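Here's the structure we're looking at; comments come further down.
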Amino acid sequence: MERTKILVVDDNERNRYLVSFILEKNGFEVVTANDGLEGVETAREQRVNLIIMDIKMPKMDGYEATIRIKKLEGYQSVPIIALTSYAMAGDKKKAVAAGCDGYIAKPINPETFMDEIRRFLEVIK
Amino acid sequence: MKEKLKINSLKKKTILFILIITALYTLVSVGIVYQVVEEQMMAKHEVCRNAAVESLSYSLAPMLDLYDYKQVERAITAPLAYKSIISVTIFDSTGTLIRSAAKQNIPKDLDVKKYNITSNDKVIGSFEIGFSKEYINEQIRTTIEALVFGLVGFFVLMGLAIYSLMSRSVIGPLEAFTKTVKEMDPENLSPQVNIRSEDEIGTLAASFNQIAEDLGNSQRALRDSEEKYRNLIEHADAGIVIIHDKLITYLNKRGAEMIGHTVEEIINTPFTEYLHPDELPRVIDRYKRRMAGEDVQPIYETAVKHKNGSRIDVEFNIGIITYDGKPAEFVFIRDITECKKAEAGLREAHCKLQEAKAEVDKEVKKRTQQLVVAKEDAEHANRMKSIFLASMSHELRTPLNSIIGFTGIILQGLAGELNVEQRTQLGMVYASSKHLLALINDLLDISKIESGELEPDLEEFNLAEAGMEVRDSLKPKAEDKGLKLIFEMPNINVMSDERRFKQILVNLVNNAIKFTEEGEVEVKAIEKDKSIEIIVKDTGVGIKKEDIQKLFAPFTQLEYTVSEERGTGLGLYLARNLVRLLNGDIRVESEYGKGSIFTLTLPLKRGG
Amino acid sequence: MDKHTWMVLLIIFSGLCFAQSYLCITGNDNKLKPEIVVNATPTTSTVIWYTSIPQIHADRIVNAFTLETGIEVNVVRNSTFIVRERLMTEIENEKTEADVVTIADVGTFVELKNRGHLMKYASPHYKDYPEEYKDLDYWAVFAGFGMCMAYDESRIDTPPQNWTDLLDDRWRGRIGLEDINTAGSQYGQYYTLREKLGVEFWKDLLSVQEPKIYYRTEELADALLEGEIDVAGEFSIHTVYNYRVKKGTSIRGVYPEEGIPLIINPVAIINQTDHPEEAKMFLDFLLSKRGQELMQHLNYKYSIRADVAPLDGIPSFGDLNIIQPEDAAEYGGKRNEYIREFNGFFGGRK
């Protein structure tokens with residue numbers, strides 16, 4: 001059985017490390033990207049089942065990347081979860097408008113993080 | 001005398017009418033009765049005659065036979081009882097007079113007829129009867145007389161009765177009415193007619209009274225109005241002149257005063273006399289043009305001549321009116337000498353004002369510029385603040401992400417087993433970093449609120465679901481303390497900021513749990529008409545009355561709790577601000593030692 | 001003048017009108033009745049006639065006479081003997097006005113003639129009267145009437161047939177007679193029947209048969225009709241005629257064969273008359289055929305004249321058995337005595 005592949009897009013190394021670690025420890029295959037641009041590329045090149053997208057990134061922010069990825073073939077049904085720090089008002093709205101299927105607040109709560117991810121995965125199934 | 005004979009009143013008409021009726025009726029009756037009676041009497045006469053003849057013929061025979069002349073006398077006297085029979089004479093067969101009976105006065109139309117007396121077909125004598133019809137006339141005359149007298153008598157009585165009736169119900173009231181009306185003072189039209197009968201006259205009287213009253217009222221009103229206007233005009237502080245065909249037909253006191261004349265002097269003199277010679281041609285020209293129908297400016301300045309020769313500057317305001325039924329010029333004259341003086345002064349002042357204004361404008365410009373600069377600075381400052389907050393938010397959370405995250409997963413054993421001490425210490429680190437996050441969140445929120453940056457993210461969400469999430473997140477904590485956690489949220493959609501709502505609710509429930517050692521925490525929602533009330537009720541330590549004030553103030557922490565967990569001290573302060581942001585409010589009821597009830601009210605913007 | 005005064009005046013006026021109206025109607029009726037003047041045949045002079053003929057008949061006879069002659073006649077009438085007494089007394093006193101006398105008592109006439117109080121007058125009519133009924137040129141019989149009996153046919157089926165029948169027990173108390181003191185006829189009957197049948201007859205009749213006395217013929221007739229009496233013992237034939245023919249009652253006469261007493265009623269002129277010519281004319285009239293016919297017509301008595309047709313309904317004069325007093329003088333002379341006798345018999349009723 002193919003393992004569920006999750007793409008993590010975040011410009012912060014530690015964050016990447018953190019999220020990936022949790023996911024892998026929970027049995028998911030993880031690929032990462034450093035910014036939005038890379039994220040889109042990766043999505044195009046590899047088939048993933050879920051994308052965790054940080055918002056504030058250089059070169060291309062999370063919104064832009066989401067939009068682009070959603071345009072990719074086969075990615076309409078792939079959930080994209082935004083990681084938002086609620087810095088600005090309307091962050092949530094923006095995420096939804098870009099096409100995100102959900103959002104998780106930063107900093108992540110390690111105790112509930114997996115539950116939330118799994119919930120989104122349920123949707124696909 | 002002639003006046004008396006004229007038929008000019010109801011009374012006379014009635015009397016005349018009665019007289020005419022009487023006369024007519026009498027004449028007709030007389031005529032008819034005459035005819036009838038005459039006929040009847042003639043007939044009776046004949047009958048009587050025949051009867052007399054027959055009876056005599058019959059009765060006399062035996063009497064004659066027996067020579068019973070006593071009876072004969074009786075027999076021939078008897079018929080004389082009839083008025084028609086004047087004489088009866090009996091003769092024997094030889095023609096010798098046996099007896100005769102006759103009335104004293106022989107009428108002129110005596111008609112004597114002879115009849116035979118027979119017995120056994122033998123003529124034994126004869127008798128003569130003398131008839132007269134004069135009595136008929138006599139009788140008729142008497143009858144007619146009686147009739148006429150009777151009718152007259154009757155009609156007089158009837159007439160009296162009718163007259164009385166008419167008098168009482170019609171003529172009398174009408175006369176009284178007429179008299180009252182005639183004598184009414186035209187100045188004082190008050191209701192005076194005193195007729196109360198319940199018939200047409202009464203109605204007429206009542207109507208008349210009403211009209212009189214109304215008229216009197218309107219007259220009074222008119223007088224008052226007239227007085228008002230007269231006063232207005234008379235005491236106006238301007239001259240009012242009315243001109244008919246170039247002559248002044250009305251002038252008020254002030255107008256006369258203005259040019260030093262009396263009203264009497266000026267009335268019916270041409271207006272041109274009082275114009276100042278300099279102005280004369282202009283005014284006359286305008287007048288002519290106006291009269292010709294041209295649309296001339298009604299208000300203009302000119303001058304008039306005072307009696308003492310001095311010039312008076314005036315302003316004319318001319319209108320065309322109908323006065324006394326004729327078109328006239330109505331001129332409103334204002335003495336503007338004072339005006340003119342004032343005007344000059346005003347002009348000077350105006351210039352000065354203009355200068356001052358220019359100065360002011362300059363100043364204003366300067367200040368404005370300064371203000372603009374200040375505003376831009378402020379805006380800039382604001383913008384900086386926003387950016388600062390935003391980046392702070394992001395910057396602060398990022399390292400925390402690592403701290404909490406890694407600490408958390410290590411504690412989960414995902415990076416390997418931990419010994420007890422390690423777990424303990426790491427636990428502390430984890431808790432502290434969580435606390436720090438809470439503080440940062442709260443501070444950022446407060447900061448946003450303070451700078452007005454905080455905007456609710458309105459979306460439709462389900463209350464029950466949101467409540468469920470809150471419950472799930474706090475259930476472990478409650479269970480740890482052995483407390484019952486009851487959640488009753490209605491399954492309705494509301495339009496609000498879900499995140500903040502959950503934040504507030506979490507805060508309240510968290511507090512409840514924190515301050516309750518045993519019992520339960522109940523969360524219930526009550527739908528009101530335009531809002532929803534969510535009640536968080538606990539059986540905790542409660543809050544002292546004096547402390548309720550301070551409850552929602554920042555950095556306040558009450559010391560009742562024995563919990564080690566320390567709050568931020570900002571929870572309720574922030575909660576309240578957030579709620580207010582969402583157009584709701586929080587209030588608290590508490591009894592120290594028993595528990596507390598926090599009521600969160602949110603406007604119900606129901607989702608569709 | 002104010003209204004009320006007017007009204008009152010008018011009402012009064014009206015009242016007056018009505019009153020006047022009323023007066024007109026009634027006044028007419030109450031107007032003075034015109035005087036009525038009655039004229040009679042113009043008369044020139046007056047004759048005074050003393051008579052016992054019933055007043056009405058006398059008046060009527062007089063009417064006829066006056067009409068013819070223009071001579072007025074004053075009738076002094078009473079029953080026979082009253083007139084006689086009056087006349088005699090007046091003559092005694094030489095103050096009588098009587099011009100002509102006609103009473104039903106021939107005795108009086110004989111007496112008067114004998115004393116020279118009757119005028120001798122040769123009336124042309126004396127020749128028409130038989131001797132026994134006149135005293136030539138002095139008196140003649142003006143009227144004669146027979147005495148009979150009478151009864152009510154409706155009550156009595158078998159009346160007495162003869163005078164003597166009256167003495168039957170059957171008729172006791174049921175007989176009527178006239179008063180002899182005044183009725184000449186009653187005296188005549190008494191005298192004549194006394195002569196014919198004897199005084200015993202009258203004695204029995206008057207004292208035994210208890211007759212009722214009446215004072216007037218009408219009363220006697222009425223008594224018959226009313227059933228007071230069954231038979232009139234004395235009744236005159238002319239009265240029978242009157243009641244039977246003229247009045248049509250159920251009175252019938254009985255004409256005894258024994259004889260019918262005839263009472264005659266002579267007429268004569270008193271010598272002392274003031275109106276001799278008129279008296280003569282009257283006497284002539286009375287004795288003339290015309291007068292006699294009139295008398296019979298009016299009185300129903302018998303006329304002695306042969307040329308007077310008799311009346312129907314009663315026996316004619318000739319059919320009767322006339323009985324008359326033998327002696328006229330005695331007839332007169334016995335009067336007082338017989339009257340006393342009558343009264344005595346009558347008074348001596350048991």
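Per chain, numbering begins at 1; letters A, B, ... match sequence-line order. For clarity, every value in this text was computed on a predicted model and none was experimentally measured. Note that these values count all heavy atoms, side chains included, but never hydrogens, waters or copies made by symmetry.
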For atom [atom1] of [X], decide whether the heavy atoms of other residues, nucleotides or ligands shown that lie under 6.0 angstrom number more than 12.
| X | atom1 | result |
| --- | --- | --- |
| Lys93(A) | NZ | yes |
| Lys524(B) | NZ | no |
| Glu518(B) | CD | no |
| Glu417(B) | CD | no |

Applying a strict 4.5 Å limit to non-hydrogen atoms, the region of Ile409(B) in contact with chain A is both
| request: Kindly determine whether Phe406(B) and Phe21(A) satisfy ring-ring contact (aromatic ring centres under 6.0 Å, His included), including the steps that lead there. | output: CA-CA 9 Å; Phe406(B) 286 120; Phe21(A) 185 82; 7.3 Å; no
Next item on the list: Show your working on side-chain contact (heavy atoms from CB on, under 4.5 Å) between Lys434(B) and Asn109(A) and close with a plain yes or no.
Entry: CA-CA 9 Å; Lys434(B) 277 239 152 139; Asn109(A) 186 343; 3.5 Å; yes
So how far is it from [X] [atom1] to [Y] [atom2], rounded to the nearest 0.5 Å?
| X | Y | atom1 | atom2 | value |
| --- | --- | --- | --- | --- |
| Lys106(A) | Leu400(B) | NZ | CG | 11.5 Å |
| Leu23(A) | Leu414(B) | CG | CG | 10.5 Å |
| Lys25(A) | Gln412(B) | NZ | CD | 11.5 Å |
| Ser402(B) | Glu13(A) | OG | CD | 9.5 Å |

For Gly408(B) and Pro110(A), the nearest pair of non-hydrogen atoms, with its separation, is CA-CG, 3.6 Å
Which of Asn15(A), Asp54(A), Asn12(A) passes side-chain hydrogen bond (donor to acceptor under 3.5 Å, both in side chains) with Asn401(B)? Answer is Asn15(A)
Could you walk me through whether Glu111(A) and Tyr430(B) satisfy the side-chain contact (heavy atoms from CB on, under 4.5 Å) test, starting with their C-alpha distance in whole Å, then the side-chain angles of each, then the deciding distance to 0.1 Å, before giving a yes or no?
CA-CA 11 Å; Glu111(A) 293 162 58; Tyr430(B) 187 68; 2.6 Å; yes
